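Nothing here was measured: the structure is a model prediction, and the numbers come from that model.
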Amino acid sequence: MFLARFSPNVIKKFFMRKAFRMFGEKKFTSTLTSLGYKKLPDNLAGHIDYMSAMVGETCINKINCAVAGFANTLCVNITCAGTDNFIQKFFVDYIRKSGISYYVESNAA
């Protein structure tokens, strides 16, 4: 690590690109990112219904999920580059069967 601090950026970029190609996206199937529960000052919170986050798909990982909580709402965004929406339907079925109140928005036909 000490050596990396003093190496020129050209060398670091070369090795980072090589490492990413070898160990990067190919080693996982999707991404889940959570912003956690967010609190805002009272004078702002009254003007906001929910917070959301989104992670776009990449060339290799076609489905990703982002989660954010605010007030009494948990917002789950699933982005997918494919036409198969099995995972989204499975998730909504699970929520419905659990008796949790939910609302679905989609750009799928």
Side-chain angles (χ1 to χ4, degrees):
M1 191 55 127
F2 179 75
L3 184 61
R5 177 176 278 168
F6 297 104
S7 298
N9 279 340
V10 175
I11 293 172
K12 287 188 252 189
K13 286 181 182 180
F14 173 79
F15 283 108
M16 290 304 289
R17 281 191 188 117
K18 290 281 188 194
F20 184 77
R21 285 189 192 119
M22 289 173 52
F23 307 110
E25 268 188 294
K26 296 176 189 172
K27 300 298 180 188
F28 57 93
T29 58
S30 62
T31 302
L32 170 65
T33 187
S34 175
L35 297 181
Y37 181 80
K38 299 298 173 191
K39 285 189 170 190
L40 292 175
D42 292 337
N43 61 339
L44 293 176
H47 300 284
I48 298 173
D49 296 325
Y50 65 93
M51 288 188 181
S52 68
M54 203 168 275
V55 178
E57 77 280 347
T58 62
C59 295
I60 295 172
N61 298 318
K62 302 293 185 190
I63 188 164
N64 294 299
C65 181
V67 181
F70 175 73
N72 291 339
T73 304
L74 180 67
C75 185
V76 179
N77 284 312
I78 301 173
T79 56
C80 181
T83 56
D84 181 19
N85 59 359
F86 170 78
I87 291 178
Q88 293 90 324
K89 286 182 178 178
F90 180 85
F91 180 75
V92 170
D93 282 345
Y94 177 80
I95 296 295
R96 182 180 48 78
K97 288 176 184 174
S98 299
I100 299 170
S101 175
Y102 66 94
Y103 174 76
V104 175
E105 287 184 17
S106 174
N107 64 348

- Task: Take atom CG of Asp93 as the centre, draw a 6.0 Å sphere, and report whether it contains more than 12 heavy atoms from other residues, nucleotides or ligands.
- Result: yes

- Identified side chain to side chain donor-acceptor pair (under 3.5 Å) partner of Asn64 from the options Thr31, Thr79, Thr33, Asn77: Thr31

- Query: Are Tyr94 and Leu32 joined in one hydrophobic group, where the rule is that I, L, V, M, F, W and Y side chains link up if heavy atoms are under 4.5 Å apart?
  - Reply: yes

- Ile63 side chain near Gln88 side chain, heavy-atom distance below 4.5 Å: yes

- Query: Near Arg17 CZ, under 6.0 Å, is it more than 12 heavy atoms from other residues, nucleotides or ligands?
  - Reply: no

- CD1/Ile11 to CE/Met16 distance, rounded to the nearest 0.5 angstrom? 14.0 Å

- Item | Cys65 to Ile78 - nearest heavy-atom pair and separation | SG-CG1, 4.1 Å

- Message: Just checking Tyr37: does its OH atom have more than 12 heavy atoms from other residues, nucleotides or ligands closer to it than 6.0 angstrom?
- Response: yes

- Hphob cluster co-occupancy, Tyr102 + Ile87, side-chain heavy atoms under 4.5 angstrom: yes

- Lys89 side, atom NZ; Ser106 side, atom OG - distance, nearest 0.5 Å: 10.0 Å

- Query: Linking I/L/V/M/F/W/Y whenever any side-chain heavy atoms sit under 4.5 Å apart, do Tyr103 and Met54 land together?
  - Reply: no

- Whether over 12 other heavy atoms sit under 6.0 Å from Asn43 CG: yes

- Message: I'd like to know if Tyr50 and Leu35 are part of one continuous hydrophobic network [Ile/Leu/Val/Met/Phe/Trp/Tyr, side-chain heavy atoms within less than 4.5 Å].
- Response: no

- Is there a chain of hydrophobic side chains (I, L, V, M, F, W, Y, each step under 4.5 Å between heavy atoms) that links Ile95 to Phe86? yes

- Message: If I compare all heavy atoms of Ala66 with all of Ala53, which pair ends up nearest, and what's the gap?
- Response: CB-O, 3.4 Å

